[in-house]
Amino acid sequence: RNVLELDRVTKTYGSQPPVHALRGVSFTVRSGELVSIVGPSGSGKSTLLHILGTLDRPSEGTVRIDGEDVAALTDRRLAALRARSIGFVFQQFFLSEHTTVLENVADGLLYGGAGRTERRERAAEALVRVGLGDRADFRPGKLSGGQRQRVAIARAVVGRPAIVLADEPTGNLDSRTGAAIIELLHELNAGGATIIMITHDGGLAAQTPRRLQVLDGRIVADSAARSMEGV
Ligand code: ADP
Ligand code: ADP
């Protein structure tokens with residue numbers, strides 16, 4: 001099953017002169033894959049992330065998330081699809097300091113219709129999965145950077161979204177802590193999560209089964225593809 005399909009996606013910013021951030025990007029991601037997206041600064045990775053995450057719409061081309069063509073959806077339905085199908089992990093964690101680790105993770109289920117008790121139970125399970133079962137009642141500020149990123153990852157996966165998008169998830173961590181976060185992403189992937197990770201760390205990317213290399217708004221290499229037509 002394809003959880004993500006991009007077909008000839010372009011993104012152009014402005015008009016004088018236009019900036020062609022993405023120039024005809026096509027690829028599919030199947031359920032259960034672990035993919036890294038690599039490329040130099042300015043190559044289009046963030047633009048691609050925004051489009052994969054439905055935070056932005058392409059100028060041309062088609063994006064299908066879990067089989068749904070996102071162009072056909074109103075902003076409101078798109079927000080619902082995003083809440084249901086996509087878990088986000090960013091380098092800045094984005095945790096609330098005003099509440100506990102458990103509540104931060106439970107917030108990942110706010111749009112799913114689960115009641116408070118169920119949200120808290122599922123959040124507790126997700127915290128166990130990321131190795132923080134004993135930190136549920138802490139404030140995020142009491143945790144280390146690596147632990148905070150684990151909380152953010154628990155929040156991203158608690159609703160078992162079709163796709164987890166991670167944008168430089170190790171960008172704010174030292175290399176040892178970062179390696180442990182990558183190991184966690186591998187474990188979650190082994191447990192069934194589909195993960196797409198943007199990184200400019202070639203060493204981390206080299207460990208992932210599939211690498212998409214972006215250059216000047218194009219995918220110039222796909223390590224999992226059997227052929228490279230059109231490149
Ligand atoms: P990366 O994430 O690989 O660094 P980006 O997707 O951020 O690359 O940028 C790709 C290109 O698009 C760059 O030339 C960048 O300057 C341009 N760009 C990105 N966002 C905008 C924007 N909002 N307006 C105009 N140009 C943009
Ligand atoms: P960059 O990769 O350019 O540094 P960030 O990783 O900070 O950007 O965030 C990528 C985009 O996602 C930004 O436009 C940001 O506003 C948006 N964003 C950040 N946090 C969330 C969130 N929790 N849910 C949805 N969108 C978010």
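None of the values given here were measured: they were computed from a predicted structure. One is the number of the first residue; the rest follow in order along the sequence.
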Colleague: Return the CG to CD1 distance between Asp66 and Ile163, rounded to the nearest 0.5 Å.
Modeller: 6.5 Å
Colleague: Which distance, rounded to the nearest 0.5 Å, do you find between the CG of Leu78 and the CZ of Arg82?
Modeller: 5.0 Å
Colleague: Check whether any side-chain N or O of Thr10 sits under 3.5 Å from a backbone N or O of Glu60 as a donor-acceptor pair, and report yes or no.
Modeller: yes
Colleague: Is there a side-chain contact (heavy atoms from CB on, under 4.5 Å) between Val29 and Arg210? Walk through the geometry before answering.
Modeller: CA-CA 10 Å; Val29 174; Arg210 180 179 179 193; 4.2 Å; yes
Colleague: Look up atom CG in Leu185 and atom CE in Met197, then write down how far apart they are to the nearest 0.5 Å.
Modeller: 6.5 Å
Colleague: Answer whether the closest heavy-atom distance between the side chains of Leu184 and Val130 falls below 4.5 Å.
Modeller: yes
Colleague: State, yes or no, whether a side-chain contact exists between Ile153 and Arg129 at a heavy-atom distance under 4.5 Å.
Modeller: no
Colleague: In terms of side-chain geometry, is the basic nitrogen of Arg120 or Glu103 positioned less than 4.0 Å from the acidic oxygen of its partner?
Modeller: yes
Colleague: Which pairs with one or both residues in residues 19-29 pass side-chain hydrogen bond (donor to acceptor under 3.5 Å, both in side chains), sequence neighbours excluded?
Modeller: Thr12-His20
Colleague: Taking all non-hydrogen atoms of both residues into account, name the closest pair between Thr170 and Gly178 and its distance.
Modeller: CG2-O, 3.5 Å
Colleague: For a quick test of reading the model, state the closest non-hydrogen atom pair linking Ile65 to Leu52 and the distance between them.
Modeller: CD1-O, 3.4 Å
Colleague: When you look at Arg64 and Asn2, which way does the side-chain contact (heavy atoms from CB on, under 4.5 Å) test go after all the steps?
Modeller: CA-CA 9 Å; Arg64 282 200 178 76; Asn2 286 337; over 6 Å; no
Colleague: Considering all heavy atoms of both residues, which atom of Pro209 and which atom of Ser223 are nearest to each other, and what is their separation?
Modeller: O-OG, 3.8 Å
Colleague: Could you tell me which non-hydrogen atom of Leu102 sits nearest to which non-hydrogen atom of Ala124, and how far apart they are?
Modeller: CD1-N, 3.5 Å
Colleague: Closer than 3.5 angstrom, by distance alone: can the side chain of Lys45 be matched with the main-chain N or O of Gly39 as a donor-acceptor pair?
Modeller: yes
Colleague: Are side-chain heavy atoms of Asp167 and Phe88 found at a separation under 4.5 Å?
Modeller: no
Colleague: Quick check: are there more than 12 heavy atoms from other residues, nucleotides or ligands sitting under 6.0 Å from CZ of Arg160?
Modeller: no
Colleague: Would you say Arg218's side chain and Leu22's backbone share a donor-acceptor pair under 3.5 angstrom?
Modeller: no
Colleague: Write down the atom of Pro58, the atom of Val63, and the distance for their closest heavy-atom approach.
Modeller: CG-CG2, 3.9 Å
Colleague: List the steps and the verdict of side-chain contact (heavy atoms from CB on, under 4.5 Å) for Thr199 and Glu168.
Modeller: CA-CA 5 Å; Thr199 179; Glu168 300 279 0; 4.1 Å; yes
Colleague: If I take atom CD1 from residue Ile198 and atom CD1 from residue Ile37, how far apart are they, to the nearest 0.5 angstrom?
Modeller: 5.0 Å
Colleague: Would you call the rings of Phe94 and Phe90 parallel, tilted or perpendicular if under 30° counts as parallel and over 60° as perpendicular?
Modeller: perpendicular
Colleague: Mind checking the CG-CG spacing from Asp134 to Leu132? Nearest 0.5 Å is all I need.
Modeller: 7.0 Å
Colleague: Looking only at atom types and distance, does a side-chain atom of Arg119 sit under 3.5 Å from a main-chain N or O of Ala114, one as donor and one as acceptor?
Modeller: yes
Colleague: Report yes if some heavy atom in the side chain of Thr62 is under 4.5 Å from a heavy atom in the side chain of Glu5; otherwise report no.
Modeller: no
Colleague: Within the structure provided, determine whether Asp75 and Arg57 are in side-chain contact (heavy-atom separation under 4.5 Å).
Modeller: yes
Colleague: Would you confirm whether Arg211, through its side chain, and Val38, through its main-chain N or O, come within 3.5 Å as a donor-acceptor pair?
Modeller: no
Colleague: Spell out, as yes or no, whether a donor-acceptor pair under 3.5 Å connects the side chain of Arg1 to the backbone of Ser31.
Modeller: no
Colleague: For a side-chain contact (heavy atoms from CB on, under 4.5 Å) check, start with the C-alpha distance between Leu48 and Leu6, then their side-chain angles and the critical distance, and finish with the verdict.
Modeller: CA-CA 10 Å; Leu48 183 56; Leu6 264 71; 3.7 Å; yes
Colleague: Answer whether the closest heavy-atom distance between the side chains of Val151 and Gln147 falls below 4.5 Å.
Modeller: no
Colleague: Do Val9 and Leu55 sit in one hydrophobic cluster, given that two such residues count as connected whenever their side-chain heavy atoms are within less than 4.5 Å of each other, even indirectly?
Modeller: yes
Colleague: Are Leu215 and Gln213 close enough that some pair of their side-chain heavy atoms sits under 4.5 Å apart?
Modeller: no
Colleague: Other hydrophobic cluster members with Val19, side-chain heavy atoms of Ile/Leu/Val/Met/Phe/Trp/Tyr under 4.5 Å, chained?
Modeller: Tyr13
Colleague: Do Arg135 and Leu127 have side-chain heavy atoms sitting under 4.5 Å apart?
Modeller: no
Colleague: List the atom of Phe93, the atom of Gly145, and the distance in Å for their closest heavy-atom pair.
Modeller: CZ-O, 3.6 Å
Colleague: Rounded to the nearest 0.5 Å, what separates atom OG1 in Thr194 from atom CG in Leu4?
Modeller: 9.5 Å
